[in-house]
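Naming: A, B, ... by sequence-line order, numbering from 1 per chain.
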Amino acid sequence: MNYKELLAAYEADVQFSDVSGMEHLDMLMTRSEIAKHELHLSDEERQRLLNADKLLREQAHLFYQSIREIADLASWRRDEDVPATHWWWYLDVITQMQKQTRPVDFNSIPAGV
Amino acid sequence: MKKSSASGHTPILNAIEAVRKKVRWKADSAERHLQKRKLRGHLPATAMIEDYELVILSVLQDESAQVFRYWYNRLPYVAMAATVQSQTWLVMFSYEGVMESAFVVERPKRYLSKPGFEQIGLLGEVENEL
């Protein structure tokens, strides 16, 4: 696939957090391939990539939930020798961070606490 | 990726046979998988679930399909990879014959060398071992 096809594939993939985690792992490999071509992206393509990345980050917990049902993300990350800059391989870490920084829902705290 | 010995293939063949008889999906998952295949251009926009299952069954009938066992959390799955219309489709299902996924894998060699995949052999070889 050329980088335009990779981008189109990634844009489609990020819309389906609810399919098998095995497919999400293929998506993460696609995102890494796109990273190799980022310098060649036009402004419009870069914006499309940003939008797709945003969707992935926002739904990181859903993608990670699907992955953890069928695969060990950390093992795949090690096997791919992923650099720290490739944040998309760290959906487990992002999920954890999002949990910790989630604003407190004061309505859920019992009265008098 | 480990290569398996000939023994212990009966559950794999039983699972393949179960899917050949009936493609069973996890609850409400078939339609979403189909939608994704269409959006990715792996199936025509007019494709129905029957068209999708036809591709799955063609992989399961292909004697040159590569058969893998995939392990995760001590649960075994069957994974089969075969070329359909110049694309490598990966079909995965549990030993009970329930579909995990069926999709075009873009980098099959790299993908199928990942942790958990254990190469069994070609379908034709595996079926003739018994």
Side-chain angles (χ1 to χ4, degrees), chain A residues 1-37 48 51-52 55-56 59 62-83 86 88-89 91-92, chain B residues 1-2 25-43 45 49 52 56 68-81 86-95 98-118:
Chain A
M1 280 201 288
N2 62 40
Y3 74 87
K4 288 177 190 291
E5 291 168 331
L6 288 166
L7 177 56
Y10 180 55
E11 284 179 301
D13 287 350
V14 294
Q15 295 178 48
F16 291 88
S17 62
D18 52 348
V19 298
S20 170
M22 295 308 288
E23 299 184 38
H24 301 338
L25 293 161
D26 191 60
M27 172 187 74
L28 300 181
M29 292 166 107
T30 297
R31 181 62 183 86
S32 292
E33 292 288 319
I34 294 170
K36 292 180 191 166
H37 300 283
R48 283 168 51 198
N51 292 342
L55 203 53
L56 176 59
Q59 299 188 57
L62 297 175
F63 281 98
Y64 177 55
Q65 186 180 310
S66 295
I67 291 173
R68 66 184 296 191
E69 285 172 8
I70 190 69
D72 180 6
L73 179 59
S75 297
W76 280 64
R77 192 162 58 217
R78 276 194 299 276
D79 198 76
E80 281 282 297
D81 198 17
V82 170
H86 286 192
W88 47 91
W89 280 101
L91 296 175
D92 48 348
Chain B
M1 179 174 59
K2 289 192 296 181
W25 295 90
K26 291 179 189 171
D28 303 325
S29 75
E31 191 56 36
R32 286 294 284 165
H33 277 91
L34 175 63
Q35 282 175 11
K36 185 176 175 186
R37 299 286 81 76
K38 292 201 260 191
L39 196 61
R40 283 291 306 271
H42 298 152
L43 289 173
I49 195 70
Y52 189 16
I56 292 168
F68 297 82
R69 186 187 285 123
Y70 175 81
W71 286 98
Y72 179 63
N73 269 352
R74 298 185 179 187
L75 278 180
Y77 297 81
V78 180
M80 296 177 65
S86 309
Q87 291 179 308
T88 304
W89 280 78
L90 180 68
V91 178
M92 272 186 79
F93 44 93
S94 70
Y95 269 27
V98 178
M99 292 300 303
E100 174 62 34
S101 186
F103 66 105
V104 173
V105 61
E106 302 293 350
R107 292 149 288 263
K109 202 171 173 184
R110 193 166 125 208
Y111 189 96
L112 293 165
S113 68
K114 289 287 177 265
F117 285 103
E118 176 188 359

**Student:** Please look at Tyr111(B) and chain A and tell me whether the side chain, the backbone, both or neither of the residue comes under 4.5 angstrom of a heavy atom of that chain.
**Tutor:**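 The answer is both parts of Tyr111(B).
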
**Student:** With a 4.5 Å cut-off on heavy-atom pairs, point out which of Asp18(A), Ile70(A), Asp13(A), Val19(A) contacts chain B the most.
**Tutor:**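 Counting heavy-atom pairs under 4.5 Å, the top option is Ile70(A).
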
**Student:** Out of Glu106(B), Lys26(B), Met99(B), Gln35(B), which one racks up the most heavy-atom pairs below 4.5 Å with chain A?
**Tutor:**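 The candidate making the most pairs under 4.5 Å is Glu106(B).
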
**Student:** Under a 4.5 Å heavy-atom cut-off, does chain B meet the side chain of Met29(A), its backbone, both or neither?
**Tutor:** both

**Student:** Any carboxylate oxygen within less than 4.0 angstrom of a Lys/Arg side-chain nitrogen, looking at Arg110(B) and Glu33(A)?
**Tutor:**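 Salt bridge present between Arg110(B) and Glu33(A).
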
**Student:** If you draw the axis of the six-membered ring of Trp89(A), does the NZ or CZ of Arg77(A) fall within 45° of it and under 6.0 Å from the ring centre?
**Tutor:**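 Judged by the rule, Arg77(A) and Trp89(A) form no cation-pi pair.
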
**Student:** Under 4.0 Å between a Lys/Arg side-chain N and an Asp/Glu carboxylate O for Arg68(A) and Asp92(A)?
**Tutor:** no

**Student:** With a 3.5 Å cut-off and no angle check, do the side chains of Glu23(A) and His33(B) form a donor-acceptor pair?
**Tutor:** yes

**Student:** Could you tell me which of Leu6(A), Leu25(A), Asp72(A) has the largest number of non-hydrogen atom pairs under 4.5 Å with chain B?
**Tutor:**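 Heavy-atom pair counts peak at Asp72(A).
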
**Student:** Can a salt bridge be assigned to the pair Arg107(B) and Asp26(A) using a cut-off of 4.0 Å between side-chain N and carboxylate O?
**Tutor:**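 The answer is yes: the pair qualifies as a salt bridge.
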
